[in-house]
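Just so it is clear: chains get the letters A, B, ... in the order the sequence lines come, proteins before strands, and each one is counted from 1. Since the structure is predicted, the reported quantities are computational estimates derived from the model, not experimental observations.
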Amino acid sequence: MATQSKALIDDLKWRGLFSQSTDEGALIQALSKPTTLYIGFDPTAPSLHVGNLVVLLALRRFQLAGHIPIALVGGATGLIGDPSGKSEERSLNTTDVVVAWVERIRVQVSKYLDFNAKDNAAIVANNLDWTSPLSAIEFLRDVGKHFSVNQMLAKDSVSSRLEAGGISYTEFSYQVLQSFDFLELFRRHNCTLQLGGSDQWGNITAGLDLIRRVESGSAHALTIPLLAKADGSKFGKTAGGAIWLDPEMTSPYAFFQYWLNTDDKDVINFLKVFSFKSREEIEALEKSHSENPGAREAHRALARELTSLVHSAQICDRVEAAARALFGQGELSELDEATLTAALAELPRTTVKSGEPIPTWVDLLAATGVVDSKSAARRIVKEGGAYLNNAKISGEDFAPSKSDFLCGKYAVLRKGKRDLAAVELV
RNA sequence: GGCGGGUUGCCCGAGCGGCCAAUGGGAGGGGACUGUAAAUCCCCCGGCUCUGCCUUCGAAGGUUCAAAUCCUUCACCCGCCA
């Protein structure tokens with residue numbers, strides 16, 4: 001099985017999922033037997049986003065290779081705030097907010113792991129379980145005593161903050177808590193490997209030291225590079241904010257579109273990082289993409305796989321069909337009502353009561369929430385980016401008429417090239 | 001606790017009594033070109049009942065015909081001293 005564990009590491013490297021690790025030979029040796037490993041997710045929002053998916057799917061890869069994954073939800077650490085990668089102190093969330101987020105993230109994380117696997121069922125843990133019973137005195141005596149402030153100060157997450165803006169005692173303590181998590185998981189589940197983003201290296205190695213000192217145990221660390229885009233912009237962020245996994249926060253339609261619109265320069269890398277396709281399959285997509293980029297086969301494969309994984313194959317089919325209908329070459333008016341209804345269901349929408357006068361295009365677009373204000377909607381009209389049923393309109397006062405409603409029910413608003421919204425006559 | 005510096009639109013950052021909805025850069029948006037891609041070029045980028053009006057420059061008061069700009073108090077940040 002040592003060759004298998006070597007293959008796992010090699011695959012991670014090929015996918016660009018390997019930043020650094022503790023002694024690689026020892027790690028491969030350890031992984032030759034089923035190994036328990038964990039990743040922590042702090043509740044900093046009500047949902048995980050596509051950036052979290054990188055490490056979460058890495059955990060899944062380990063489970064598929066026969067190892068036992070633990071997803072740790074940071075009910076405790078989420079109350080403290082990780083200084084890693086942050087240039088300034090963050091404001092604390094209230095405990096009830098964090099409790100609510102923990103629950104949502106626990107459910108979300110569970111979707112990507114197998115809890116029924118016979119020999120290596122996944123585990124979800126919450127670090128509040130072992131930190132909350134601990135008194136401050138116990139914590140300082142039993143845990144704190146093993147930490148040298150000199151070493152803590154040397155961590156990049158702390159030293160960079162000392163230079164810019166300072167750091168509170170609260171966030172300074174974060175690495176101790178994370179180390180304690182590793183120690184507890186080592187004790188409870190014989191967890192001997194922690195995965196994390198490359199910014200977690202300092203926190204993870206602090207845990208290794210703690211395990212060595214307290215339990216004379218040996219454990220390993222593996223970090224994953226933070227995903228970078230070709231143009232240097234931040235991955236997973238759009239004008240509207242982050243791309244969330246929660247369908248209430250980012251609609252499956254928008255989710256699919258996000259991946260479909262991936263920069264050509266990034267699409268193969270993203271496939272390697274996110275897709276569970278084999279190396280051969282991805283290399284085949286790379287070939288077809290370079291031969292005919294306009295067909296966007298690789299983009300489509302990426303969007304399909306991730307939308308199916310995060311939402312469902314059924315939802316994926318729906319949003320893809322919607323996009324095909326709305327962006328297709330044919331006339332919108334030629335779509336039958338069922339197709340149109342299904343397609344428009346995926347879009348931001350507003351309604352108009354049939355007895356009442358129809359508002360202007362500007363008012364309608366603003367009502368769908370596609371733009372932030374009526375001024376923004378007016379600007380779109382003035383600049384020539386306003387469409388009704390795929391036909392350009394002009395004049396700030398333009399209002400659709402009854403006959404513009406397809407099948408007597410729907411009007412399709414478009415802002416620019418690809419931002420669509422629906423108006424329904426009720 | 002003392003002294004000094006700072007807090008400006010999504011972000012960075014100019015402005016230091018009227019010419020300020022506020023220079024510049026970035027992000028973002030629209031158009032052209034394309035492939036619902038990138039690069040490039042042009043344009044836009046507080047809000048509204050839009051040739052005008054309203055609300056913004058940490059918060060609250062005040063001076064003035066007029067304040068992002070001056071004064072007072074408060075909050076937070078940074079530095080030096082105790």
Side-chain angles (χ1 to χ4, degrees), chain A residues 86-92 160-168 171 228-243 251 253-271 285-286 288-304 307 319-330 332 343 346-348 357 359-363 365-388 390-399 412-421:
Chain A
K86 301 280 173 200
S87 57
E88 55 186 45
E89 191 82 13
R90 52 175 96 191
S91 53
L92 295 172
S160 64
R161 280 281 293 278
L162 289 175
E163 283 161 30
I167 186 168
S168 67
E171 288 194 12
K229 291 210 298 186
D231 64 3
S233 62
K234 210 166 164 132
F235 167 75
K237 295 273 198 258
T238 63
I243 303 296
S251 77
Y253 174 82
F255 187 86
F256 185 92
Q257 291 293 315
Y258 176 76
W259 297 108
L260 190 66
N261 285 312
T262 299
D263 190 327
D264 280 15
K265 292 198 284 289
D266 288 320
V267 70
I268 299 301
N269 283 341
F270 284 10
L271 275 168
L285 283 168
E286 185 168 16
S288 73
H289 175 253
S290 64
E291 281 165 3
N292 184 9
R296 292 188 300 163
E297 261 187 67
H299 295 78
R300 207 164 293 282
L302 178 69
R304 284 195 58 86
T307 309
V319 298
E320 193 182 12
R324 207 171 327 141
L326 298 167
F327 283 106
Q329 297 305 307
L332 279 176
E346 312 301 335
L347 302 179
T360 61
W361 188 96
V362 166
D363 287 340
L365 189 73
T368 63
V370 165
V371 287
D372 291 331
S373 66
K374 288 185 190 173
S375 295
R378 273 189 207 101
R379 232 174 271 135
I380 299 298
V381 176
K382 198 162 48 186
E383 293 170 343
Y387 300 81
L388 175 68
N390 282 349
K392 183 175 279 194
I393 62 119
S394 60
E396 289 186 18
D397 301 329
F398 176 88
V412 181
L413 307 178
R414 194 171 104 214
K415 181 203 101 178
K417 243 185 282 194
R418 54 194 185 192
D419 241 353
L420 297 163

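Of the candidates C48(B), G31(B), U36(B), G31(B) carries the atom nearest the Lys392(A) side chain, counting heavy atoms from C-beta on. In the set A37(B), G35(B), C43(B), C43(B) carries the atom at the smallest distance from any side-chain atom of Glu383(A). Here U36(B) is the nucleotide among C48(B), U36(B), U34(B) with the atom lying nearest to any side-chain atom of Arg296(A). For Lys415(A), whose side chain is taken as the heavy atoms from C-beta onward, the closest listed nucleotide among C45(B), C48(B), G29(B) is G29(B). Checking U36(B), G47(B), G35(B) against every side-chain atom of Leu260(A), the shortest atom distance belongs to U36(B). Side-chain proximity of Ser375(A) to the nucleotides G30(B), G35(B), G47(B) is greatest for G47(B). Nearest nucleotide to the side chain of Ser373(A), out of G35(B), U36(B), G47(B): G47(B).
Rounded to whole Å, the P atom of G18(B) lies 11 Å from the corresponding atom of U69(B). On the C1' atoms, C45(B) is 11 Å away from A27(B), given to the nearest whole Å. Spacing between G28(B) and C80(B) at atom C1', rounded to whole Å, works out to 41 Å. The gap from the P atom of G61(B) to that of C10(B) amounts to 23 Å, rounded to the nearest Å. When the P atom is compared between A14(B) and G25(B), the two are found 15 Å apart, to the nearest whole Å. Only the P atoms considered, C41(B) is 11 Å distant from G26(B), to the nearest whole Å. Spacing between C11(B) and G17(B) at atom P, rounded to whole Å, works out to 27 Å. Comparing C19(B) with C71(B), their C1' atoms sit 25 Å apart, to the nearest whole Å.
For Tyr387(A), no side-chain nitrogen or oxygen approaches OP1 or OP2 of G30(B) to under 4.0 Å. Side-chain N/O atoms of Lys374(A) include one lying less than 4.0 angstrom from OP1 or OP2 on U49(B). Between Arg418(A) and G30(B), a side-chain N or O to OP1/OP2 separation shorter than 4.0 Å is absent.
Residue Asn292(A) places its CG atom among more than 12 non-hydrogen atoms of other residues, nucleotides or ligands, all under 6.0 Å distant.
Trp361(A) places a side-chain N or O within donor-acceptor distance of the main-chain N or O of Tyr387(A), the cut-off being under 3.5 Å. Between the side chain of Arg324(A) and the backbone N or O of Leu326(A) there is no donor-acceptor pair closer than 3.5 Å. Lys374(A) places no side-chain N or O within 3.5 Å of a backbone atom of Ala366(A) that could act as its donor or acceptor partner.
A38(B) is unpaired under the criterion used here, namely a Watson-Crick or G-U wobble arrangement in which both key atom distances are under 3.5 Å. Across all strands shown, the partner of G79(B) is C3(B), judged by Watson-Crick or G-U wobble contacts whose two distances both fall under 3.5 Å. With both pairing distances under 3.5 Å, G28(B) is matched to C44(B) as a Watson-Crick or G-U wobble pair.
A side-chain donor-acceptor contact under 3.5 Å links His299(A) and Asp264(A).
Residue Gly384(A) is the one, among Gly384(A) and Lys265(A), whose nearest nucleotide of RNA chain B lies closer to the 5' end (criterion: closest heavy atom). Each of Asp372(A) and Asn261(A) was assigned the nucleotide of RNA chain B with the nearest heavy atom; the assignment lying further toward the 5' end belongs to Asn261(A).
The shortest heavy-atom contact between Phe256(A) and Glu320(A) is CZ-CG, 3.6 Å.
A donor-acceptor contact under 3.5 Å is formed by the side chain of Asp264(A) with the base of G35(B).
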